[in-house]
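Reviewing the structure listed below.
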Amino acid sequence: MLTSPQLTKPIFFIAAALCLTPWIDPPLALLLGIIFSQTVEHPFKKQNSKWTKILLQISVVGLGFGMNMYEAAKAGQQGFLFTVATIFLTIAVGLLLGKALSIPRNITTLISAGTAICGGSAIAAVSPIIEAKEDEISVSLGTVFILNAIALFIFPAIGHYFNLSQSQFGLWAAIAIHDTSSVVGAATKYGAEALQIATTIKLARALWIIPLSFLAAMAFKSTKAKITIPYFILYFVIAMVINTLVPQMQPLSAILVLIAKKGLTLTLFLIGAGLSRTALKSVGVRPLILGVVLWILISVGSLSVILGMVE
């Protein structure tokens, strides 16, 4: 592995700059990040997580300038009951399966929460409440990120194989892919309508972090619970409202959406770059089995329901 700072920093910046060009799409950016993480020592390892979070939130807000609030509300309403059902089913099955596999309670809770709601964000929100240890958080994040990377590559192909419509794919991606970044990346690859529906439903799903955090605090009898509220979702809604009610904004909105999509592509590079060898090695067999089984359950189950829906 290349470790010299004189070389790793320029390589990092060149790779990041490539993600802002038209030649690198979201899946390729993630792959580029993974290749970087496995061959080059990250020169900004400590800052990577913070940069990823901030850039993702800014990019998601920017995407709001390309959406119509009425269409988004319709999409959110369509996915509400589906969202509630899959969240509670996934968490229930995850807790039972984790117990059957003798996986530590904290790891089971984190992987179940990450699969049910929004991947790394849910894990980050719940981990301090249940007082998870660093290695438990690493195992959970590693499991979710591995599956996220796979989903970003295979979901668009599966969608085309089953001839899913834009709305069907958007709903499926929002339900079955863990992280918001990978949901938006896969939906971007599939089409503009899929992107709007997937982003709206996924962000509505992310709000379930709040009640989940309260439930985790009660279940683990935590007195130090600090509930994380994803305020950036409010800014996303404001961007949609502006784009819908202020038509004069549309020329600028088009530019902001383009910047947001490039920001998302760069975000996926950072996620891949943060998936270090240590993180990959920390994922044990049983936690990975738990993550894979839950992912297959929610992916296959939701796809079966969606294919049975009449549009």
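Basis for what follows: all heavy atoms, side chains included, without hydrogens, waters or symmetry-related copies.
Ile158 places a side-chain heavy atom less than 4.5 Å from the side chain of Trp172. Between Ile197 and Phe169 there is no side-chain heavy-atom pair separated by less than 4.5 Å. At a threshold of 4.5 Å between non-hydrogen side-chain atoms, the residues Val61 and Ile58 do not count as touching. Annotation: side chain of Ile210 is in contact with side chain of Pro230 (closest heavy-atom distance under 4.5 Å). Put simply, the side chain of Gln166 does not reach to within 4.5 Å of the side chain of Leu195, judged on heavy atoms. Between Leu164 and Tyr190, the closest side-chain pair of non-hydrogen atoms falls below 4.5 Å. Two residues are said to be in side-chain contact when any heavy atoms from C-beta on lie closer than 4.5 Å; Gln250 and Phe65 fail this criterion. Phe232 has its side chain out of reach of Ile54: every pair of non-hydrogen atoms, C-beta onward, lies at least 4.5 Å apart.
In this structure, Thr52 OG1 and Leu266 CG are separated by 8.5 Å, a value rounded to the nearest 0.5 Å. The SG atom of Cys19 sits 8.0 Å away from atom CG of Leu270, with the distance rounded to the nearest 0.5 Å. Between atom OG1 of residue Thr90 and atom CG of residue Leu294 there is a gap of 6.5 Å, rounded to the nearest 0.5 Å. Gln196 CD to Met240 CE: the interatomic distance, rounded to the nearest 0.5 Å, is 8.0 Å. Taken to the nearest 0.5 Å, the CD1 atom of Ile146 stands 11.0 Å off from the CG atom of Leu141. Residue Ser181 holds its OG atom at 8.0 Å from CG of Leu152, rounded to the nearest 0.5 Å.
The hydrophobic clustering, which links ILVMFWY residues whose side-chain heavy atoms are closer than 4.5 Å, places Ile137 and Ile130 together. Using a 4.5 Å cut-off between side-chain heavy atoms of Ile, Leu, Val, Met, Phe, Trp and Tyr, with links allowed through other members, Val40 and Leu31 fall into different hydrophobic clusters. Under the 4.5 Å side-chain heavy-atom criterion for Ile, Leu, Val, Met, Phe, Trp and Tyr, Leu55 and Leu256 are members of distinct hydrophobic clusters. The cluster map of Ile, Leu, Val, Met, Phe, Trp and Tyr, joined by side-chain heavy atoms under 4.5 Å apart, puts Ile107 and Val144 in different clusters. In the hydrophobic clustering of this structure, Ile123 does not group with Leu97; members are Ile, Leu, Val, Met, Phe, Trp, Tyr whose side-chain heavy atoms approach within less than 4.5 Å, directly or through other members.
Without hydrogens or angle criteria, Asn68 side chain to Thr244 main chain gives no donor-acceptor distance under 3.5 Å. The closest donor-acceptor contact from the side chain of Lys262 to the backbone of Thr21 lies under 3.5 Å. Side chain of Glu41 to main chain of Thr3: no donor-acceptor pair is present (N/O by atom type, distance under 3.5 Å, no hydrogens or angles). A donor-acceptor pair is defined here as one N or O able to donate and one able to accept, closer than 3.5 Å; no such pair exists between the side chain of Ser299 and the backbone of Ile296. Here the side chain of Thr265 pairs no donor or acceptor atom with the backbone of Asp25 at under 3.5 angstrom. Between the Asn243 side chain and the Ser253 main chain, no donor and acceptor come within less than 3.5 Å of each other. Checked by atom type and distance alone, the side chain of Arg286 pairs as donor or acceptor with a backbone atom of Leu101 at under 3.5 Å. In this structure a side-chain-to-backbone donor-acceptor pair under 3.5 Å is present from Ser37 to Gly272. In this structure a side-chain-to-backbone donor-acceptor pair under 3.5 Å is missing from Asn148 to Ser182. Counting only distance, with no hydrogens or angles, the side chain of Lys202 and the backbone of Ile177 share a donor-acceptor pair below 3.5 Å.
Aromatic rings of Phe145 and His178 (six-membered ring for Trp) have centroids beyond the 6.0 Å cut-off, not under it. Ring centroid separation for the pair His42 and Phe36 comes in under the 6.0 Å cut-off.
Residues Ile34 and Ala149 share a closest heavy-atom pair of CD1-CB, 4.1 Å. Contact record, Pro26 with Leu268: CB-CD1, 3.4 Å, taken as the closest heavy-atom pair. Across Gly291 and Ile111, no two heavy atoms sit closer than the pair CA-CG2, 3.9 Å. The shortest non-hydrogen separation linking Gln168 to Ile306 is NE2-O, 3.4 Å. Minimum interatomic distance between Leu212 and Ile117 (heavy atoms only, all atoms of both residues): CD2-CD1, 3.3 Å. Closest approach of Ala260 to Leu63, counting heavy atoms only: CB-N, 3.6 Å.
A 6.0 Å sphere centred on NZ of Lys53 holds no more than 12 heavy atoms belonging to other residues, nucleotides or ligands. The number of heavy atoms from other shown groups lying within 6.0 Å of OH (Tyr235) does not exceed 12.
Ring pair Phe155/Trp295 is parallel by interplanar angle, where below 30° counts as parallel and above 60° as perpendicular.
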>> Applying ring-ring contact (aromatic ring centres under 6.0 Å, His included) to Phe236 and Tyr231, what does each step give before you reach the verdict?
In response: CA-CA 9 Å; Phe236 168 79; Tyr231 289 108; over 10 Å; no
>> Applying ring-ring contact (aromatic ring centres under 6.0 Å, His included) to Phe44 and Phe13, what does each step give before you reach the verdict?
In response: CA-CA 11 Å; Phe44 305 104; Phe13 286 121; 5.5 Å; yes
> Is there a side-chain contact (heavy atoms from CB on, under 4.5 Å) between Thr39 and Leu2 once you walk through the steps?
Replying inline: CA-CA 6 Å; Thr39 56; Leu2 188 62; over 6 Å; no
> How far apart are the C-alpha atoms of Ser213 and Ile209, what are their side-chain angles, what is the distance that settles it, and do they pass the side-chain contact (heavy atoms from CB on, under 4.5 Å) test?
Replying inline: CA-CA 6 Å; Ser213 298; Ile209 287 177; 3.9 Å; yes
>> Let's go through Phe88 and Trp208 carefully: what are the C-alpha distance in whole Å and the side-chain angles of both, what is the deciding distance for side-chain contact (heavy atoms from CB on, under 4.5 Å) to 0.1 Å, and is it a yes or a no?
In response: CA-CA 11 Å; Phe88 283 99; Trp208 283 86; 3.9 Å; yes
> Please walk me through it: do Leu245 and Met69 pass side-chain contact (heavy atoms from CB on, under 4.5 Å)?
Replying inline: CA-CA 9 Å; Leu245 301 182; Met69 68 178 185; 3.8 Å; yes
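For the 3.5 Å distance criterion, the side chains of Thr180 and Arg205 fail to qualify, holding no donor opposite an acceptor.
Considering Leu110, Leu290, Thr115 as possible partners of Ser140, the one that fulfils the side-chain contact (heavy atoms from CB on, under 4.5 Å) test is Leu110.
Evaluation of the side-chain hydrogen bond (donor to acceptor under 3.5 Å, both in side chains) test over residues 101-114, restricted to residues two or more places apart or in two chains, returns Asn106-Glu136.
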